S.K.: 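Below are the structure tokens for one structure; questions will follow.
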Amino acid sequence: MFVARINTRIIESNATGKYMSKPVVLITGAGKRIGAEVSKELMEMGYYVLIHVNSSVEDANNILSNYSNKFGVKAPGDVLQANLLNDHEVNGLISEVLEHQAVKESGGISGLIHNASIYSSIDVDEVSIKDLQKNMKLHVETPFNLTLGLLDSLRAKNGCVIGMVDTSLGRAWKGLSHYTASKAGLRQLMINFAGDFHPDVRVNCIAPGAIISADWEVEHFAKIIEEIPLGRSGHPSNIAKAVLFLFNSPHISGQVINVDGGWSLNQ
């Protein structure tokens, strides 16, 4: 639990023990990169954010402390730690969310974002079944279990679920067969959920394009930038704005939004 000690205003805010019934959002893998930016944006827009991490606890706590320093109030968020590759810890995360005071005061969860991801290049000749299983576990099985485990809470708030997928659907990407296959599975899972859960819960996907490059793909990333109609890479804040758009669009469900600068037009 994050404890803020910034100034008297924050201490007084903590003393009330109230969350003011802010809409609550759970974001997996939210300590760094895109997840961190989405967390910041949502808090600034009035959401209470449950920032899930596996090992990036310090990074997540920094998000909260930076918010407190910037606005002079206790950050509307909390850090929840769990290894999403471990079924026991996933079940524990579900219980922790449902028992969280912010969720109880709000009456349920308004948003669930499946952002946690593994992204590494492995030549197809070297991909093991364990590599594939690990990607499928994190990108498909865990979102399946988390969504169903939190479904009643989402229904109570007519909530919105978002899966962070990939722009690779229908294309071959060298060294990423294990990754793209699992992300395609997440995309289809979200589309099916949109049909299964209407009209109580909306489910959509966001497919980021060239936003942040991994260390091993700098050269490939630069080539993609050359092909983007808008002529530049994106920024994690672009994804955060797409999240806010979907959260505030009550008549959109079962859709995939490509946030890629128009790059998909060239494919």
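Since the structure is predicted, the reported quantities are computational estimates derived from the model, not experimental observations. Sequential numbering from 1 along the given sequence is applied to the chain's residues. The analysis underlying the following values was restricted to heavy atoms, covering all of them including side chains, and did not include hydrogens, waters or symmetry mates.
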S.K.: Answer yes or no: is there a side-chain heavy-atom contact under 4.5 Å between Leu64 and Met43?
M.R.: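 Counting from C-beta outward, Leu64 and Met43 do come under 4.5 Å.
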S.K.: Atom CD1 in Ile191, atom SG in Cys205: separation rounded to 0.5 Å?
M.R.: 5.0 Å
S.K.: Please give me the minimum heavy-atom distance between Gly31 and Ile63, naming the atom from each residue.
M.R.: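 What the structure gives for the nearest pair is O-CD1, 3.9 Å.
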S.K.: With the side chain counted from C-beta on, respond yes when Leu138 and Leu85 share a heavy-atom pair under 4.5 Å apart, and no when they do not.
M.R.: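 Leu138 vs Leu85: side chains touch.
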S.K.: Is a side-chain donor or acceptor of Ser56 paired with a backbone partner of Lys32 at a separation under 3.5 angstrom?
M.R.: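 No, Ser56 side chain to Lys32 backbone: no donor-acceptor pair under 3.5 Å.
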S.K.: List the steps, then state whether side-chain contact (heavy atoms from CB on, under 4.5 Å) holds for His178 with Lys134.
M.R.: CA-CA 9 Å; His178 54 298; Lys134 185 177 181 180; over 6 Å; no
S.K.: So does Asp87 pair up with Lys137, basic N to acidic O under 4.0 Å?
M.R.: yes
S.K.: Are Glu58 and Asn62 close enough, and set up right, to give a side-chain contact (heavy atoms from CB on, under 4.5 Å), and what steps lead you there?
M.R.: CA-CA 6 Å; Glu58 183 177 355; Asn62 284 339; 4.0 Å; yes
S.K.: Does Ser128 form a side chain to side chain donor-acceptor pair (under 3.5 Å) with Asp131? I'd like the steps, not just the answer.
M.R.: CA-CA 5 Å; Ser128 69; Asp131 294 322; 3.1 Å; yes
S.K.: Which label fits Tyr179 and His139: parallel for a plane angle under 30°, tilted from 30 to 60°, or perpendicular past 60°?
M.R.: perpendicular
S.K.: Can you measure from CE (Met45) to CD (Glu41) and round to the nearest 0.5 angstrom?
M.R.: 7.0 Å
S.K.: Check Gly29 against Ala116 and note the closest heavy-atom contact, atom names and distance.
M.R.: N-CB, 3.8 Å
S.K.: Measure across Val140 and Leu186 and return the closest heavy-atom pair with its distance rounded to 0.1 Å.
M.R.: CG2-N, 3.8 Å
S.K.: Has Tyr48 got a side-chain atom pairing as donor or acceptor with Gly77's backbone, closer than 3.5 angstrom?
M.R.: yes
S.K.: Would you compute the distance between atom CG of Leu80 and atom OG1 of Thr28 and round it to the nearest 0.5 angstrom?
M.R.: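 Atom-to-atom, Leu80:CG and Thr28:OG1 are 11.5 Å apart.
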S.K.: Which heavy-atom pair separates Gly46 from Pro23 by the least distance, and what is that distance?
M.R.: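 Nearest pair, atom of Gly46 first, then Pro23: O-CD, 3.7 Å.
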S.K.: For the backbone of Ile27 and the side chain of His52, can you confirm whether one donor and one acceptor N or O come within less than 3.5 Å of each other?
M.R.: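 Here the side-chain-to-backbone pair does not exist.
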S.K.: Can you find a heavy atom in the side chain of Met190 that is under 4.5 Å from one in the side chain of Ile206?
M.R.: no
S.K.: Which value, rounded to the nearest 0.5 Å, describes the distance between Asp78 atom CG and Asn61 atom CG?
M.R.: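 So the gap between those two atoms works out to 8.5 Å.
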S.K.: Under a 4.5 Å cut-off applied to non-hydrogen side-chain atoms, are Val243 and Ile162 in contact?
M.R.: yes
S.K.: Is the shortest side-chain heavy-atom distance between Met164 and Ser117 below 4.5 Å?
M.R.: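 Result no, sub-4.5 Å side-chain heavy-atom pair not found.
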S.K.: Of all residues at least two apart in sequence or in a different chain, which pass the side chain to side chain donor-acceptor pair (under 3.5 Å) check with Lys104?
M.R.: Glu99
S.K.: When you compare the side chain of Phe197 with that of Leu148, does any pair of heavy atoms fall below 4.5 Å?
M.R.: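 Sidechains of Phe197 and Leu148: in contact.
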S.K.: Strictly under 6.0 Å, is that where the ring centroids of Phe193 and His114 end up?
M.R.: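 No, they do not, as the ring centres are separated by 6.0 Å or more.
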S.K.: Under 4.5 Å between any side-chain heavy atoms of Ile257 and Asn204, yes or no?
M.R.: no
S.K.: Using a 3.5 Å distance criterion without hydrogens, assess whether the side chain of Ser110 forms a donor-acceptor pair with backbone atoms of Lys157.
M.R.: no
S.K.: Run the numbers on Gln188 and Asn192 for side chain to side chain donor-acceptor pair (under 3.5 Å), then give the verdict.
M.R.: CA-CA 6 Å; Gln188 188 58 44; Asn192 269 83; 2.8 Å; yes
S.K.: Calculate, to the nearest 0.5 Å, the distance between atoms CD1 and CG belonging to Ile51 and Leu26 respectively.
M.R.: 10.5 Å
S.K.: Please report the closest heavy-atom contact between Asn135 and Ile118, naming both atoms and the distance.
M.R.: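 Closest approach of Asn135 to Ile118, heavy atoms only: OD1-O, 3.9 Å.
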S.K.: Apply side-chain contact (heavy atoms from CB on, under 4.5 Å) to the pair Leu42 and Ile113, showing each step before the final yes or no.
M.R.: CA-CA 12 Å; Leu42 288 177; Ile113 303 174; 4.2 Å; yes
S.K.: Main chain of Ala207, side chain of Arg187: is a donor-acceptor contact present, judged purely on distance under 3.5 Å?
M.R.: no
S.K.: Below 4.5 Å, heavy atoms only, C-beta onward: do Arg155 and Asp152 meet side chain to side chain?
M.R.: yes
S.K.: Decide yes or no on side-chain contact (heavy atoms from CB on, under 4.5 Å) for Val103 and Leu50, but give the supporting numbers first.
M.R.: CA-CA 10 Å; Val103 176; Leu50 299 176; 4.1 Å; yes
S.K.: Do you know the tightest heavy-atom contact between Tyr67 and Lys74?
M.R.: CE2-O, 4.3 Å
S.K.: Enter the distance from Leu244:CG to Ser237:OG here, rounded to the nearest 0.5 Å.
M.R.: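 Answer for the CG-OG pair, Leu244 versus Ser237, is 11.0 Å.
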